[in-house]
Undergrad: 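Sharing a structure with you now.
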Amino acid sequence: MGSSPPVTLDVDTTPAAPTLRGARAILLISALVLTVLAFQLNASLLSPALPQMAASLGVSIAEISNVQSAFFLAASVLGMVISRWSDTIGRRRALFVSLGLLLIGSMLALATSSFALLLAARVLQGASSAAFTIAFLVLSEELTGKLFGVAVGVVTAVNGGLGGLDGYIGGALTDALGWRSLFAVILALGIVATVMAMIFVPGRRPAEHARMDWLGALVLAVLLVSLTQFIGAASSRGLGSGTLVLLAIVVLSAVLFIRVERRVRQPLIAVSALRSRFVWPVIASTFLTVAGVFSATNFTVVMLSQDVEVGYGLDATMSGLLFLTPAAVAGVVAATFAGWVAQRVGWVHTQRIATGILVVLMVLVALSATEQWVVFALLIITGAFYIGTFQTTANGLSVLNSPPDAPGSLPGINGAQFGLGAAAGIALVAPLADLATEIGYRSAFIVSAALVGGGLMCSLILKPAAAALPAATTKESLA
C-alpha cells in the first residue's frame with residue numbers, strides 16, 4: 001500500500017463567527033426540531049401498524065419487518081452521505097435534499113398498494129436522518145458555544161419522539177384511520193418542516209473548490225451494509241458459508257475504503273483523522289453504547305415483560321407504557337439540561353460519567369431481572385443518562401471533534417452508528433433472550449452491560465478537541 005498524499009483543501013476552512021441570538025436563534029432551533037421530528041416519527045410511529053400493513057399488502061409479518069429495517073439501513077447510509085455532502089453544497093441545500101426525499105417517499109407510501117414500492121418509499125424516507133446531523137452542524141455554525149450546548153440538548157430530546165407515546169399514538173391512528181394515516185401525518189409534518197427551514201435556516205456559502213468523495217461514500221456504504229448483515233447472520237446462523245462471504249465483503253470493503261481515502265485529494269474522511277484519538281473513539285463509543293443500551297431497553301426488557309412463564313406477563317400496551325414511555329420522558333427532560341452541563345464541565349468528561357453510570361445500571365438490571373418494579377425504576381434512570389446525557393454528548397462531540405477540513409464527516413459517520421449499533425445489539429442478544437429462561441434473559445443483559453463497558457473504554461481513550469473542553473478552560477486558553 002503506497003503512502004498517501006497530504007490531505008489539503010484549497011479552501012478557507014475557518015468558520016464564520018456565529019451571529020444568531022435571541023428570537024432568531026429560537027426560531028432556528030424550532031425549525032431544526034421540526035425537521036428532526038419528521039425523521040423520528042418515521043422511526044417510531046409505524047411499529048404498531050406493521051400487522052395491519054402486512055394484512056393489507058398480503059405479506060407475512062417477517063416480510064413486513066423489512067419496512068422498518070430498510071428504513072433504518074437507508075437512514076444510516078443516506079444520512080452519512082448527505083451530511084458529508086453538505087460540506088460541498090451547503091447545509092441548507094443538503095437539508096432540502098433530505099426533506100425533499102422524505103416528502104417524495106411519504107407521498108409514494110401514502111399512495112402505493114405494492115409492497116415493493118412501499119420498501120422503496122421507506123428507503124427514500126430514510127434520507128431524512130441527515131436532518132439530524134445537519135441540524136447539529138447548522139447549530140455549531142450559527143450559535144455561540146453557550147447556546148450550542150443547550151440547543152444540542154433540545155434537538156437530542158426530540159430523539160424521544162412524542163414523549164415516548166409515539167407507539168401508542170401510532171396504534172390509535174392505525175385503529176381509527178388505517179396505516180396510511182401515519183404517512184399522511186409524516187407528510188404534513190414534513191411540509192411544515194420544509195417551510196420552516198426555508199424561512200429560518202440561513203444559508204452559508206459552501207467552501208469553494210470543495211468536492212464530494214462519491215467513491216469513498218459508495219465503498220463506506222457497502223462496508224456499513226455488509227457489516228450490519230454480517231452481525232445479524234453470525235448471530236442467527238453462525239459462521240456458515242453465507243456468513244463467511246459477508247465477512248469477506250466487510251474486510252475487502254474496509255481495505256478498499258482505506259486505499260481510496262489515501263489516494264483521494266479531498267477524502268470523505270482522512271485516514272489520519274479516522275485513526276486519531278479525536279475521531280475513532282467517538283464512533284466506537286457511540287456504536288458500542290447504543291448496541292448495549294438499546295438491546296437491553298428496547299428488546300430484552302420488552303421480551304421479558306411479555307413472557308408469562310418467567311417474566312412479568314404483560315401485554316404489549318402495558319409493556320410499552322411501563323418500560324418505554326417513562327424512560328423516554330426522563331430522557332427528554334434530561335437532554336434539555338445535558339448540553340448546558342457538558343458546555344461547562346466538558347463534553348468528554350460528561351460522556352464518561354454518563355457511560356460509567358450506564359454500565360452500572362445495566363449490571364443492576366441483570367441482577368434484578370425478575371423484579372419488575374426494580375427494573376422499572378432502573379430503566380427510568382437509564383433513560384435520563386442514555387437518551388438525555390449520552391446521546392447529547394455523542395451528538396455534540398461528533399461536531400466539535402470533527403476534522404476542520406471536513407466538518408460533516410464525523411457527524412455523518414457517527415450518526416450512522418445509532419442505527420447500526422441498535423441492529424447489532426439486538427442481533428447479539430436475541431439468541432439469549434429467545435431462550436425465554438431466567439438465565440437467558442440475565443445473560444442477554446450481561447452482554448448489553450459488556451457492550452456499554454466497551455463504550456466506556458473508548459470514551460476514556462477519546463481526546464477532546466479545544467471546542468469540547470469546559471467553557472472556562474477554553475476561555476483561559478484563549479486569554
Undergrad: Taking the side chain from Arg122 and the backbone from Val67, do they hold a donor-acceptor pair closer than 3.5 Å?
TA: yes
Undergrad: Counting N and O atoms only, with roles assigned by atom type, does the side chain of Ser285 sit under 3.5 Å from a partner on the main chain of Val282, one being a donor and the other an acceptor?
TA: no
Undergrad: Please examine the side chains of Met362 and Thr382, heavy atoms only from C-beta on, and report whether any two atoms are closer than 4.5 Å.
TA: yes
Undergrad: Applying side-chain hydrogen bond (donor to acceptor under 3.5 Å, both in side chains) to Thr355 and Ser459, what does each step give before you reach the verdict?
TA: CA-CA 8 Å; Thr355 311; Ser459 70; 4.6 Å; no
Undergrad: Working to the nearest 0.5 angstrom, can you tell me the gap between Phe385 CZ and Leu358 CG?
TA: 8.0 Å
Undergrad: Would you sort out whether Ser409 and Ser402 count as a side chain to side chain contact (heavy atoms under 4.5 Å, CB included), showing the intermediate values?
TA: CA-CA 7 Å; Ser409 59; Ser402 194; 3.6 Å; yes
Undergrad: Say you draw a straight line from CG of Leu108 to CG of Leu101; how long is it, rounded to the nearest 0.5 Å?
TA: 12.0 Å
Undergrad: CZ of Arg442 to OG1 of Thr437: how many Å apart, nearest 0.5 Å?
TA: 10.5 Å
Undergrad: Quick check: closest heavy atoms across Val348 and Pro464, and the distance to 0.1 Å?
TA: CG2-CB, 3.5 Å
Undergrad: Donor-acceptor pair, Asp307 side chain versus Met303 backbone, under 3.5 Å?
TA: no
Undergrad: For Phe390 and Tyr386, take the angle between the two ring planes, folded into 0 to 90°, and tell me which bin it lands in: parallel under 30, tilted 30 to 60, perpendicular over 60.
TA: parallel
Undergrad: Using modelled atom types only, decide if a donor and an acceptor are shared between the side chain of Ser106 and the backbone of Leu102 within a distance under 3.5 Å.
TA: yes
Undergrad: Using the ring centroid of each side chain, check whether Tyr441 and Phe445 are separated by less than 6.0 Å.
TA: no
Undergrad: What pair of heavy atoms forms the shortest contact from Ala424 to Phe287, and how long is it?
TA: CB-CZ, 3.7 Å
Undergrad: Ring centroid separation for Phe323 and Tyr312, is it under 6.0 angstrom?
TA: yes
Undergrad: Quick check: does any side chain N or O of Asn401 sit under 3.5 Å from a backbone N or O of Lys463, one acting as donor and the other as acceptor?
TA: yes
Undergrad: Quick check: does any side chain N or O of Ser368 sit under 3.5 Å from a backbone N or O of Val365, one acting as donor and the other as acceptor?
TA: no
Undergrad: Quick one: pull up CZ in Phe71 and CG in Leu124 and give me the separation to the nearest 0.5 Å.
TA: 11.5 Å
Undergrad: If we only count heavy atoms from C-beta on, is the Asn298 to Val302 side-chain gap below 4.5 Å?
TA: no
Undergrad: Please check if the side chain of Gln417 supplies one atom and the backbone of Ile283 the other of a donor-acceptor pair under 3.5 Å.
TA: no
Undergrad: If every non-hydrogen atom of Leu137 is compared with every non-hydrogen atom of Pro411, which pair is closest and at what distance?
TA: CD2-CG, 3.9 Å
Undergrad: Parallel, tilted or perpendicular, judged at 30° and 60°: which one describes the rings of Trp347 and Phe148?
TA: tilted
Undergrad: Please answer whether the main-chain N or O of Ile461 pairs with a side-chain N or O of Arg277 as donor and acceptor at a distance below 3.5 Å.
TA: yes
Undergrad: When the ring planes of Phe132 and Phe418 are compared, do they come out parallel, tilted or perpendicular, using 30° and 60° as the limits?
TA: perpendicular
Undergrad: Measuring from Ile186:CD1 to Leu189:CG, what's the distance to the nearest 0.5 Å?
TA: 8.5 Å
Undergrad: At their closest point, which heavy atom of Leu456 faces which heavy atom of Arg352, and how far apart are they?
TA: CD1-O, 3.7 Å
Undergrad: Might you confirm whether atom CZ of Phe337 has over 12 heavy atoms from other residues, nucleotides or ligands at distances under 6.0 Å?
TA: no
Undergrad: Output yes when a side-chain donor or acceptor of Ser83 lies under 3.5 Å from a complementary backbone atom of Gly412, and no otherwise.
TA: no
Undergrad: May I ask you to check whether over 12 heavy atoms, not counting those of Met457, lie within 6.0 Å of atom CE?
TA: no
Undergrad: State whether the side chain of Arg180 and the backbone N or O of Thr112 hold a donor-acceptor pair below 3.5 Å, judged by distance alone.
TA: yes
Undergrad: Say whether Ser448 and Ser295, considering side chains only, have a donor N or O and an acceptor N or O under 3.5 Å apart.
TA: yes
